[in-house]
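Report on the following structure.
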Amino acid sequence: MAQGVVVGILGLGTVGSGVIRILTGHQQELQHQTGCPISAKKILVRDKTKPRDLNIENLTLTENAEDILHDSEIDVIIEVMGGIEESHHYILQSLRSGKHVVTANKDVMALHGTELLREAEENGCYLLYEASVAGGIPVIRGITEGLASDRISQMMGIVNGTTNYILTKMAQEERDYEEVLAEAQELGFAESDPTSDVEGLDAARKIAILARLGFSMNVELADVEVKGITNVTTEDMEYCEQLGYTLKLIGLAKRTDERVELTVQPMLLPNDHPLASVQDEYNAVYVHGEAVGETMFYGPGAGSLPTATAIVSDLVAVVKNIRLGTGGNSNSRPLHSKALQANEEVESKYFIRLHVKDQTGTFDDLSSLFKEEDVGFDKLLQWPLEDENDPKSEVVIVTHLTNRAAYERIYKELENMDVVLDVKSSYRVEGGQVS
Ligand code: NAP
Ligand code: HSE
């Protein structure tokens, strides 16, 4: 039997505990895969005295990171403590002292991934981060290895379980946003502070990581346009159902003519789009490659054991490479410099819901505005609203394909039009067009 590989773990929470369970429970399979034993030597925690839902008799816990980072017997660091500054510092320190790193930290990888991957390359180390995007789904390996020979044109993902759970329940059970969010918190899907999930930031971090990798382009988190789900209403859901759409929080990374668009926002998908059927807290990433066409990666985007599976699979890859004597991440520098699409280049359909005066000429005014921008109506609904003193109607329009600049001009005009009483909501409609 070859000499074993020794691991230090930063964090023993939800994911860290799962890592220990898999390392102990799957030891035979792991040895078979790698040809050597893997053992966890020390684990960093904030509080050693805290009761843990895990047998820790044979584990050495420490509250001092230096005990792990300076231990020359430790070959690989698994970072599952979360946060940004400290974990960034520990990952950097590990790589600089020649230790390979596996992390689940999307916050650090989205903000500092370019720098850390370069550091890994310069130090002949591996830095793997499968668990940082869509938890247990092997989407990063799918893109870097499975689709390595292709040119990716589009990645579209449901990459946040909390928001997908909320939107699924709102649509299926006709319950409003606040009520379902409270339930998701009680069930432990949503965190006590769910801001980064519901405002779209968590998904934006994951999309920035995917785009950098899939397009080999040095895009940053700040390049992702972000809009969350806090304003989605059950009325919007009902109209989506009538029109044959499903509303999802989508992270989109799209390449057209060598320029990319990165956005996270609630979008309407046709009901037959593969992502429309992804329910509850599940995640999925739809990837379109120029040669392969459509593919989709689906599964649990979070949770102790699913996320730990991704971590330990990265560890297996590192151990195999250590045994082969190969020298760390090699293609970490992006091939393309950043080229973002301008508003005039971003093509999409749009859904818009308005309250308008119920009077002769309202539709003439609306259609003149859309005609001026050369934007046609694809679908149209009108419904009278009960109000004896102030007759008004609800109007829902789905446009034909247009560019974002034209749509934004229309939207601005609608807000100021005499016949329009209120612009209730507006969403992008995606899913039918891949260039
Ligand atoms: P968690 O349950 O809060 O666990 C964090 C662990 O790290 C705890 O053991 C904590 O110690 C320790 N820790 C945190 N800050 C520390 C510090 N400054 N010094 C020493 N120890 C510290 O977090 P988690 O849910 O496992 O998430 C870990 C990472 O995985 C995060 O980056 C998260 O984004 C990512 N991730 C999580 C999931 C998921 O399903 N949870 C899915 C994908 C990715 P104590 O135990 O003593 O408090
Ligand atoms: N808060 C995240 C989610 C956890 O809801 O998907 C996984 O990153």
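The first residue in the sequence is number 1, and the count goes up from there. Just so you know, these numbers come straight off a predicted model, no measurement behind them. Counting starts at 1 for both ligands and their atoms, following the listed order.
For the salt bridge (charged side-chain N to carboxylate O under 4.0 Å, His left out) criterion with K41, the lone passing option out of D75, D71, D67 is D71. With R259 as the fixed residue, the side-chain hydrogen bond (donor to acceptor under 3.5 Å, both in side chains) test singles out one of Q341, E345, H336: E345.
For atom 23 (O) of ligand 1, no protein heavy-atom neighbour is found at a distance under 4.0 Å. Within the 4.0 Å cut-off (strictly below), a protein heavy atom is located near atom 30 (O) of ligand 1.
Of all protein heavy atoms, the one closest to atom 12 (C) of ligand 1 is G11 CA, 3.9 Å. In terms of protein heavy atoms, atom 42 (C) of ligand 1 is closest to T307 OG1, 3.3 Å. In terms of protein heavy-atom proximity, atom 9 (O) of ligand 1 is closest to L12 N, 2.8 Å. Among protein heavy atoms, atom 32 (O) of ligand 1 sits closest to G82 CA, 3.3 Å. Of all protein heavy atoms, the one lying nearest to atom 46 (O) of ligand 1 is R52 NH1, 2.7 Å. The protein heavy atom nearest to atom 28 (C) of ligand 1 is V80 O, 3.3 Å. The protein atom (non-hydrogen) at minimum distance from atom 2 (O) of ligand 1 is T14 N, 3.0 Å. The shortest contact between atom 15 (N) of ligand 1 and any protein heavy atom is with R46 NH2, 3.2 Å.
Of the charged side-chain nitrogens involved, none lies within less than 4.0 Å of a carboxylate oxygen, so that K42 and E73 do not count as a salt-bridged pair. Salt bridge R404/E408: present, at least one basic N to carboxylate O contact under 4.0 Å. Using a 4.0 Å cut-off between charged side-chain N and carboxylate O, K169 and D280 make a salt bridge. Look at R151 and E290 and you find a salt bridge, because one of the NZ, NE, NH1 or NH2 atoms lies within 4.0 Å of a carboxylate O, short of that distance. A salt bridge links E261 with R428: the closest approach of a Lys/Arg side-chain nitrogen to an acidic carboxylate oxygen falls below 4.0 angstrom. Of the charged side-chain nitrogens involved, at least one lies within less than 4.0 Å of a carboxylate oxygen, so that E430 and K254 count as a salt-bridged pair.
Relative ring orientation between H273 and Y286 is described as tilted, the plane-to-plane angle lying within the 30° to 60° band. Using the six-membered ring where Trp is involved, Y427 and F351 have ring planes that are tilted, between 30° and 60° apart.
Remark: the backbone N or O of Y282 is paired with a side-chain donor or acceptor of N164 at under 3.5 angstrom. Side chain of N105 to backbone of D107: a donor-acceptor contact under 3.5 angstrom is found.
Counting heavy atoms closer than 4.0 Å to ligand 1, residue N105 contributes atoms from both its backbone and its side chain. With a heavy-atom cut-off of 4.0 Å, K50 touches ligand 1 through its side chain alone. With a 4.0 Å cut-off on non-hydrogen atoms, E63 does not touch ligand 1 at all.
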H89 and E85: side chain to side chain donor-acceptor pair (under 3.5 Å), yes or no, with the steps? CA-CA 6 Å; H89 176 67; E85 266 150 45; over 6 Å; no

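Applying the 4.0 Å criterion to heavy atoms of K106 picks out, from ligand 1, the atoms 34 (O). Heavy-atom proximity to G303, at under 4.0 Å, picks out these atoms of ligand 1: 39 (C), 40 (O). The atoms of ligand 1 that sit less than 4.0 Å from any heavy atom of E86 are 18 (N). For ligand 1, the atoms closer than 4.0 angstrom to any heavy atom of A131 are 43 (C), 44 (C).
Within 6.0 Å of CZ on F297 lie more than 12 heavy atoms contributed by other residues, nucleotides or ligands. Counting heavy atoms of neighbouring residues, nucleotides and ligands inside a 6.0 Å radius, atom CD of Q28 does not exceed 12 of them. Within a 6.0 Å radius of CG in D53, no more than 12 heavy atoms belonging to other residues, nucleotides or ligands are found.
For the pair G13 and ligand 1, the shortest N or O to N or O distance falls below 3.5 Å. For a threshold of 3.5 Å applied to N or O pairs, the pair formed by V15 and ligand 1 contains at least one separation below that value. Ligand 1 has no N or O atom lying under 3.5 Å from any N or O atom of A302, backbone or side chain. Close N/O approach between G16 and ligand 1 is not found [any backbone or side-chain N/O within under 3.5 Å].
Nearest to atom 35 (C) of ligand 1 by heavy-atom distance, out of S87, S304, A104, is A104. Between the choices E130, E85, M81, the shortest heavy-atom distance to atom 5 (C) of ligand 1 belongs to M81.
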Measure from every N or O atom of ligand 2 to the protein's N or O atoms and keep only the pairs below 3.5 Å, writing each with atom names and distance to 0.1 Å.
unit_1: ligand 2; atom_1: 1 (N); unit_2: D197; atom_2: OD1; d: 3.0
unit_1: ligand 2; atom_1: 1 (N); unit_2: D197; atom_2: OD2; d: 3.4
unit_1: ligand 2; atom_1: 5 (O); unit_2: G161; atom_2: N; d: 3.4
unit_1: ligand 2; atom_1: 5 (O); unit_2: T162; atom_2: N; d: 3.0
unit_1: ligand 2; atom_1: 5 (O); unit_2: T162; atom_2: OG1; d: 2.6
unit_1: ligand 2; atom_1: 6 (O); unit_2: G161; atom_2: N; d: 2.7
unit_1: ligand 2; atom_1: 8 (O); unit_2: K106; atom_2: NZ; d: 2.7
unit_1: ligand 2; atom_1: 8 (O); unit_2: K206; atom_2: NZ; d: 2.8

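Atom OG in S132 sits 4.0 Å away from atom CD1 in I209 (nearest 0.5 Å).
Taking a 4.0 Å cut-off on heavy atoms, G83 fails to register as neighbouring ligand 1. Assignment of E79 to the shell around ligand 1 is not supported, since no heavy atom sits closer than 4.0 Å.
Residue D223 comes nearest to E220 through the heavy atom pair OD2-N, 2.7 Å, listed as atom of the first residue, atom of the second, then distance.
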